[in-house]
**Q** 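Sharing a structure below in structure tokens format, with a few things to ask.
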Amino acid sequence: MPSRTLSTETPEKDVIVKPLSNFKRLSKVVRLYEPLDNHGPVPSDSPTTILICSWMNAVPKHAEYYTKKHMEMHPHARIIFVTITTKEFLMHSEPQRRADIKEVITALLARNQEDERLLVHTLSNGGARRLYGIAGAYREATGKPLPVRAFIMDSAPGIPQFRRDIRALSVPGKKLPWLLWFPFMTAIVAVTTAVYITVNWMPKWFWSELVWRPMAGVNNIDFVHKDCVKGFVYSKEDNVIDWRHVEDHADIAEKKGYKVVKKRVEGAHHVQMFRGKGGEGDYWDFVERIWRMGMESGGLIE
């Protein structure tokens with residue numbers, strides 16, 4: 001009677017793929033995705049580079065939603081993904097923040113700028129602030145504004161408001177145990193109170209680097225190219241950013257000479273505009289519309 005042969009092979013385990021694993025980490029805050037060559041030549045009406053600046057303390061699995069969607073829409077484009085933390089937003093000086101993103105400038109300048117077509121997508125005040133630093137660093141390196149064809153500004157910008165800032169800054173502490181959560185929230189309330197008082201009651205020069213200079217900077221044609229088309233997507237239901245601040249900023253951009261499109265989404269929450277009325281299709285149609293307008297408006301950006 002033949003003996004029974006037992007398999008010695010180990011059952012295959014499901015491989016857990018970490019979010020953003022297809023990106024190469026260039027630094028603590030900068031990652032780069034390069035598409036495979038098998039996608040073929042880049043269409044002349046598509047972006048060659050997409051720069052995504054995430055919201056403060058963005059969890060990779062949540063931020064990956066945006067990178068994947070851009071990959072689906074523009075599979076030929078490389079993607080530069082930049083993060084920011086509460087500490088980097090509040091405590092770092094502007095020179096330090098620009099040093100943090102020097103790899104972005106290196107990546108942008110690694111290609112012939114005449115052939116580049118840049119799409120920028122920022123999320124919340126954290127993303128907008130990162131873009132301000134990148135644009136400033138690009139100008140320092142080249143003497144030129146960042147050659148953006150189209151700029152999507154999602155859930156931003158906003159001026160500090162006490163309750164909204166408490167909600168935004170308290171996100172990292174949601175899963176902390178009670179003994180750690182209480183001192184964490186005490187510190188958040190103290191910081192938010194200080195910021196609110198200085199921003200709203202002190203002269204603008206006192207807190208210019210944190211709030212006023214970045215807000216003005218992303219509307220400065222010396223930093224962001226004058227032919228850039230700006231698309232603002234926001235919601236009245238956003239409990240972090242006041243929609244009126246977004247519209248005020250968009251109006252200033254228009255007065256500066258930028259072509260501006262505003263999209264107010266019903267029923268959407270902070271950095272989740274794609275969940276509002278119209279859903280994902282409506283959101284990404286808007287992104288693509290702004291890109292098409294940027295291509296029609298900008299021509300060859302030098």
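Owing to the predicted nature of the structure, the values given are computational and were not obtained by experimental measurement.
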**Q** If you measure from CG on L51 to CD1 on I134, what distance do you get to the nearest 0.5 Å?
**A**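 Interatomic distance, L51 CG to I134 CD1, rounded to 0.5 Å: 4.5 Å.
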
**Q** Walk me through it: do L123 and I52 pass the test side-chain contact (heavy atoms from CB on, under 4.5 Å)?
**A** CA-CA 8 Å; L123 297 129; I52 304 174; 4.3 Å; yes

**Q** Could you go through the side chain to side chain donor-acceptor pair (under 3.5 Å) check for K230 and N219 one step at a time?
**A** CA-CA 10 Å; K230 293 190 172 188; N219 267 347; 2.7 Å; yes

**Q** If you measure from CD on Q272 to OG on S235, what distance do you get to the nearest 0.5 Å?
**A** 10.5 Å

**Q** Surrounding CZ of R289 (heavy atoms of other residues, nucleotides or ligands, distance under 6.0 Å), is the total greater than 12?
**A** no

**Q** For residues 118-127, which residue pairs pass the salt bridge (Lys or Arg N to Asp or Glu O under 4.0 Å) check, not counting sequence neighbours?
**A**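 Output for this query is empty, none listed.
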
**Q** Where do S54 and I84 come nearest, in terms of heavy atoms and distance?
**A** O-CG2, 3.8 Å

**Q** If the condition is side chain to side chain donor-acceptor pair (under 3.5 Å), which residues does R264 pass it with, not counting sequence neighbours?
**A** E247

**Q** Give the minimum heavy-atom separation between P147 and H225, together with the two atoms involved.
**A**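 For P147 and H225, the tightest heavy-atom pair comes out as CA-CB, 4.2 Å.
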
**Q** Report yes if some heavy atom in the side chain of E116 is under 4.5 Å from a heavy atom in the side chain of L118; otherwise report no.
**A**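 Not in contact.
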
**Q** Decide yes or no for M273 and S155: does some side-chain heavy atom of the first lie under 4.5 Å from some side-chain heavy atom of the second?
**A**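 Result yes, sub-4.5 Å side-chain heavy-atom pair found.
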
**Q** Is the Y283 ring parallel, tilted or perpendicular to the Y66 ring (thresholds 30°, 60°)?
**A**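 Perpendicular.
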
**Q** Looking at K28, is its backbone amide N or carbonyl O close enough to the side chain of R25 to form a donor-acceptor pair, meaning the two atoms are under 3.5 Å apart?
**A**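 The answer is yes, because a donor-acceptor pair under 3.5 Å joins these two groups.
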
**Q** With sequence neighbours left out, write down each residue that passes ring pair (Phe, Tyr, Trp, His ring centres under 6.0 Å) with F23, or none if nothing qualifies.
**A**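 Counting only residues at least two positions away or on another chain, F23 forms a ring pair (Phe, Tyr, Trp, His ring centres under 6.0 Å) with Y33.
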
**Q** Inspect the surroundings of NZ in K256 and state if more than 12 heavy atoms from other residues, nucleotides or ligands are less than 6.0 Å away.
**A** no

**Q** If only atom types and distance count, is the side chain of R97 paired as donor or acceptor with the main-chain N or O of H92 below 3.5 Å?
**A** yes

**Q** Under 4.5 Å between any side-chain heavy atoms of M215 and H245, yes or no?
**A** no

**Q** Supply the atom-to-atom distance M91 CE to T85 OG1, rounded to the nearest 0.5 angstrom.
**A**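 Interatomic distance, M91 CE to T85 OG1, rounded to 0.5 Å: 10.0 Å.
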
**Q** Could you check if a side-chain atom of R117 sits within less than 4.5 angstrom of a side-chain atom of M295, using non-hydrogen atoms only?
**A**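 Counting from C-beta outward, R117 and M295 do come under 4.5 Å.
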
**Q** Over all heavy atoms of both residues, which pair between P35 and P75 is shortest? Give the atoms and the distance, please.
**A**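 Minimum heavy-atom separation between P35 and P75: CB-O, 3.3 Å.
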
**Q** Does Y65 share a hydrophobic cluster with F286, counting links as ILVMFWY side-chain heavy atoms below 4.5 Å and allowing steps through other members?
**A**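 Linked within one cluster.
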
**Q** Do I80 and E103 have side chains that get closer than 4.5 Å, going by heavy atoms?
**A**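 Of all side-chain heavy-atom pairs linking E103 with I80, none is under 4.5 Å.
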
**Q** H269 and N239: side-chain contact (heavy atoms from CB on, under 4.5 Å), yes or no, with the steps?
**A** CA-CA 7 Å; H269 298 292; N239 61 8; 5.5 Å; no

**Q** Using a strict 4.0 Å threshold on nitrogen-to-oxygen distance, state whether R129 and E94 make a salt bridge.
**A**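 Judged by the 4.0 Å cut-off on N to carboxylate O distance, R129 and E94 do form a salt bridge.
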
**Q** Spell out, as yes or no, whether a donor-acceptor pair under 3.5 Å connects the side chain of W55 to the backbone of A63.
**A**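 No; zero donor-acceptor contacts below 3.5 Å.
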
**Q** Take S124 and M56 through the side-chain contact (heavy atoms from CB on, under 4.5 Å) test and state the conclusion after the steps.
**A** CA-CA 8 Å; S124 193; M56 273 192 296; over 6 Å; no

**Q** To the closest 0.5 Å, what do you measure between CD (E72) and OG1 (T67)?
**A** 9.5 Å

**Q** State which residues pass salt bridge (charged side-chain N to carboxylate O under 4.0 Å, His left out) with E237; sequence neighbours excluded, sorted by chain then number.
**A** none

**Q** Is it the case that atom CD in E266 sees more than 12 heavy atoms from other parts of the structure closer than 6.0 Å?
**A** no

**Q** Give a yes-or-no answer on whether the side chains of T48 and D115 include a donor-acceptor pair shorter than 3.5 Å.
**A**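 Looking only at side-chain atoms, D115 and T48 do not form any donor-acceptor pair under 3.5 Å.
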
**Q** Would a 4.5 Å heavy-atom cut-off, applied to side chains only, mark D282 and K263 as touching?
**A**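 Yes, at least one pair of side-chain atoms sits under 4.5 Å.
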
**Q** Supply the atom-to-atom distance T83 OG1 to R31 CZ, rounded to the nearest 0.5 angstrom.
**A** 7.0 Å

**Q** Please report the shortest heavy-atom distance between P47 and A77, naming the atom on each side.
**A** O-CB, 3.3 Å

**Q** Is there a path of hydrophobic side-chain contacts, each under 4.5 Å between heavy atoms, that joins L109 and V29?
**A**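 Yes: a chain of side-chain contacts under 4.5 Å links L109 to V29.
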
**Q** Taking all non-hydrogen atoms of both residues into account, name the closest pair between G276 and V265 and its distance.
**A** CA-CG1, 3.7 Å

**Q** K68 and E280: salt bridge (charged side-chain N to carboxylate O under 4.0 Å, His left out), yes or no, with the steps?
**A** CA-CA 13 Å; K68 282 186 172 180; E280 290 182 276; over 6 Å; no

**Q** Find out if a path of hydrophobic residues (ILVMFWY) with successive side-chain heavy-atom gaps under 4.5 Å connects I252 to L131.
**A**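 No, separate clusters.
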
**Q** Just jot down the salt bridge (charged side-chain N to carboxylate O under 4.0 Å, His left out) partners of E254, sequence neighbours excluded, or say none.
**A**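 For E254, no residue satisfies salt bridge (charged side-chain N to carboxylate O under 4.0 Å, His left out) once neighbours in sequence are set aside.
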
**Q** Mark yes or no for whether N125, through its side chain, and G158, through its backbone, hold a donor-acceptor pair below 3.5 Å.
**A**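 Yes, the answer is positive, given that a donor and an acceptor are paired below the 3.5 Å cut-off.
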
**Q** How long is the span from the CD atom in Q113 to the CG atom in L108, to the nearest 0.5 Å?
**A** 6.5 Å

**Q** Are side-chain heavy atoms of V218 and M153 found at a separation under 4.5 Å?
**A**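 Contact flag for V218/M153 side chains = yes.
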
**Q** The criterion is ring pair (Phe, Tyr, Trp, His ring centres under 6.0 Å); which residues satisfy it with Y138, sequence neighbours excluded?
**A** none

**Q** So which heavy atom on V261 is nearest to which on M293, and how close?
**A** CG2-CE, 3.7 Å

**Q** Within a strict 4.5 Å, meaning less than it, do heavy atoms of the V224 and P145 side chains meet?
**A** no

**Q** Examine F151 together with Y258 and report whether their ring centres are nearer than 6.0 Å.
**A** no

**Q** Kindly determine whether M71 and N22 satisfy side-chain contact (heavy atoms from CB on, under 4.5 Å), including the steps that lead there.
**A** CA-CA 11 Å; M71 288 176 193; N22 50 357; 3.4 Å; yes

